[in-house]
Amino acid sequence: MPSDSLSPEEQYEITYRATKNAIWDVLGTAVYLVFLIFAVALALFAIALPAIGSLAAGNAKPFVVGVAVLGLAVAGFGSYRIYQLIQ
């Protein structure tokens, strides 16, 4: 067994580093997931949907179309990344 050749201090150091890395991986992923959810909500409700509503009202300016496309692109990318994280 490989752990038999390690001293107790070396075993502790390896276990400590592995635990620390695992905790930071979990916390980092959770924070990233919350950020993505916030970004998707912001892109949809503050950017894309008002721009699409303006288009529906008849204000079809190129800037409004660009804002709507940008908002939908950000929401789509964020949704894809959320889907990848959850799987």
Side-chain angles (χ1 to χ4, degrees):
M1 183 173 219
S3 63
D4 293 339
S5 63
L6 298 175
S7 71
E9 292 82 19
E10 291 171 330
Q11 288 178 356
Y12 172 80
E13 184 65 29
I14 290 171
T15 305
Y16 173 78
R17 286 181 190 228
T19 305
K20 182 177 163 185
N21 288 341
I23 290 171
W24 280 113
D25 283 346
V26 170
L27 288 176
T29 301
V31 168
Y32 184 52
L33 185 61
V34 169
F35 170 76
L36 286 175
I37 290 170
F38 180 74
V40 167
L42 184 67
L44 280 178
F45 297 120
I47 298 173
L49 293 181
I52 292 171
S54 178
L55 286 172
N59 299 334
K61 297 179 182 171
F63 178 74
V64 174
V65 173
V67 168
V69 169
L70 179 66
L72 290 174
V74 169
F77 177 74
S79 298
Y80 176 71
R81 292 296 298 155
I82 290 170
Y83 175 75
Q84 282 184 330
L85 282 175
I86 291 176
Q87 274 193 340

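All values below come from the heavy atoms of this structure, side chains included, with hydrogens, waters and symmetry mates left out. Everything numeric here is computed off the predicted structure, so don't read it as measured data.
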J.: At what distance, to the nearest 0.5 angstrom, does OG of Ser5 lie from CD of Glu10?
T.: 8.0 Å
J.: Hydrophobic clusters here meaning ILVMFWY residues chained together by side-chain heavy-atom distances under 4.5 Å, can you tell me if Phe45 and Phe38 are in one?
T.: no
J.: Given side chains that start at C-beta, do those of Phe63 and Val67 come closer than 4.5 Å, heavy atoms only?
T.: yes
J.: Minimum heavy-atom separation for Val40 to Ser79, with atom names?
T.: CG2-N, 3.6 Å
J.: Please report the interatomic distance CH2(Trp24) to OG1(Thr29), rounded to the nearest 0.5 Å.
T.: 12.0 Å
J.: Would you compute the distance between atom CD of Glu9 and atom OH of Tyr12 and round it to the nearest 0.5 angstrom?
T.: 11.0 Å
J.: Ignoring hydrogens, what is the shortest heavy-atom contact between Val64 and Ala51? Give both atom names and the distance.
T.: CG1-O, 3.5 Å
J.: Could you see if Leu44 belongs to whatever hydrophobic cluster contains Ile37? Use Ile, Leu, Val, Met, Phe, Trp, Tyr and a side-chain cutoff under 4.5 Å.
T.: yes
J.: Which atom pair, heavy atoms only, marks the closest approach of Ala68 to Ala48?
T.: O-CB, 4.2 Å
J.: Are Leu72 and Leu42 in one and the same hydrophobic cluster, where Ile, Leu, Val, Met, Phe, Trp and Tyr link if side-chain heavy atoms are under 4.5 Å apart?
T.: no
J.: Shortest non-hydrogen contact from Arg81 to Leu36?
T.: CB-CD1, 3.6 Å
J.: Should Ile86 and Tyr32 be counted in the same cluster of Ile, Leu, Val, Met, Phe, Trp and Tyr side chains packed under 4.5 Å apart?
T.: yes
